[in-house]
2 protein chains.
Amino acid sequence: MTMPVLEGVTCNECPIRHRAVCARCDDDELGKLEGMKTYRSYKAGDVILWRGEPLEFVASLVYGVASLSKTLEDGRTQMVGLLLPSDFIGRPGRTEIEFDVTATSDVTLCCFDRAPFEALVNDTPHVAQRLMELALDELDAARDWMLLLGRKTAQEKIATFIDMLVRRSHSEPSEVPGAIPLPMTRDQIANYLGLTLETVSRQFSALKKRGVIDFTDRHHFQIIDNEGLRLATGDDSDPALAG
Amino acid sequence: MTMPVLEGVTCNECPIRHRAVCARCDDDELGKLEGMKTYRSYKAGDVILWRGEPLEFVASLVYGVASLSKTLEDGRTQMVGLLLPSDFIGRPGRTEIEFDVTATSDVTLCCFDRAPFEALVNDTPHVAQRLMELALDELDAARDWMLLLGRKTAQEKIATFIDMLVRRSHSEPSEVPGAIPLPMTRDQIANYLGLTLETVSRQFSALKKRGVIDFTDRHHFQIIDNEGLRLATGDDSDPALAG
DNA sequence: GGCTCTCTTTGATCTGGATCAAGTTATGTT
DNA sequence: AACATAACTTGATCCAGATCAAAGAGAGCC
């Protein structure tokens, strides 16, 4: 996997310019952010932030995938969020976080030191508003996931996960056409869906056998039957909505 | 249960004055809210808002308990939030909601028409900031609940639920001393915890048999063994933290 | 090319919580 | 007080997904 080099890239050339925390900024506001930003990179598997550790910086995720996870005393873990490009790490007024943040693939962040960023938020309504929107989007996503974790079957969980990946990964242009990247191991997917890795593997096999998806390799798949996938999520009763 | 009459009550006498969306307001700002507010009451079981319906008003919950829930096509439902006094319904920039809001007990809301409220938010930073804090608190709660739904056992779910009730219900002074109200049916608790009502009932019985809690009646209980309760939640490994 | 290590698949078995099925206790209502 | 209805408890059985186990399949390295 190639890791784009971003040092020296201007905000106007940034791939997440219109979806990240800076989405609503005008040129003037963007200039201030431009002067504050630094890029950081992490290898797949690196821990970006530990739960409870003081938060030195906030950041937008530019490339890659990161995960938020919580762990019980005996080691059971549950992912409580997946960060894709344009997602934000850190919250106004919070000096620490309640979960670990880990690089799932190689990751590049656009970072701002926390104190000056907060000062900027306070007198830049465009940034404050965008932060609120991002927080509310995360809250909606968290609630969809609560329904999934509490009430969906293993098959429905896997179908919903694939459906979410298709919707959210505005797939990189350079990739094999039609092949959607699966940027996580079976174990990480299991931790996201509240399952075991064996069950994840079995349900992928079942969807493949049913002709809903197909794997080009273990980390790239294609949708064969979009309608079948949608039905398998358990969300829509009305087939007309999926057409 | 007595339902306090609130018509004519001033904001300064309001029981949620210092925790609700108005928490940071000065007297001037409070005056504006005072002029906009109206009270609405609902009976236990009433639907306050349907998913997808245009949002006419936003509100703070003053008395009672309400729930947010999502439903799959075949009727399986999952509660995705519990609203207690001072919690807020409605979000800046959102004209509809993604879940049903239902009165769990008799409920009183302090309502504001949506459009004028949003106008006020835009030029009252104290309100905008407080709304952000409330949203982030909900996000933290949602993530704790994802860990519960995805990884905890039935016993741990029940213990965590009780522990949350104890922490959050600043129990009404008029109640029987030491008796904590359980403001939901077994079925509603099951929908909150991703269980069935039979499992909820069995786990309450098990905690009672183990001497952790005791019931004065079916909707009021007491904590007998606080340490035992904390251990049963599965959260803390370190007993020193619970002391 | 062969070796090692990690990830993945598949099979066999077990079990926690769901489901099915009575009874029991409250809370009204007339 | 008798009745009706809704909420709750408890028991018996079942099954989806966990757990235990072992065998493939990549990917990196010398």
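This one's a predicted model, so the numbers in the text were calculated from it and none came from an experiment. Below, read A as the first sequence line, B as the second, and so on, with proteins coming before strands; counting in each chain starts at 1.
Look at NZ on B:K152: it is 20 Å from C1' on D:dA18, rounded to the nearest Å. As rounded to whole Å, 13 Å separates atom P of D:dA18 from atom CZ of A:R76. The CD-C1' distance, from B:Q188 to D:dA6, rounds to 13 Å in whole Å. The separation between A:D217 atom CG and D:dG26 atom P is 9 Å, rounded to whole Å. Atom-to-atom, CZ of A:R151 to P of D:dA16 comes out at 17 Å; the value is rounded to the nearest Å. The distance from atom CZ of B:F215 to atom C1' of C:dT25 is 15 Å, rounded to the nearest whole Å. Atom CD in A:Q155 sits roughly 18 Å away from atom P in D:dC15 (whole-Å rounding). Atom P of nucleotide D:dA6 and atom CG of B:L197 are separated by 15 Å, given to the nearest angstrom.
Listed nucleotides: C:dG17, C:dT9, C:dC7. Nearest to the side chain of B:T153: C:dG17. Here D:dG17 is the nucleotide among C:dT10, D:dG17, C:dA18 with the atom lying nearest to any side-chain atom of A:Q203. Residue B:L195 places its side chain closer to C:dA18 than to any other of C:dT9, C:dA12, C:dA18. Candidate nucleotides D:dC8, D:dA18, C:dA18 were compared by shortest atom distance to the side chain of B:H219, and D:dC8 ranks first.
For the pair B:E198 and A:R186, both in contact range of DNA chain C, the more 5′-proximal nearest nucleotide belongs to A:R186. Where A:T196 and A:R218 each meet DNA chain D at their nearest nucleotide, the meeting point lying more 5' is that of A:T196.
Heavy-atom minimum distance, A:G194 versus A:K157: O-NZ, 3.5 Å.
No close placement of the A:F204 and A:F221 rings is indicated, their centers lying 6.0 Å or farther apart.
At a threshold of 4.5 Å between non-hydrogen side-chain atoms, the residues B:C111 and B:F57 count as touching.
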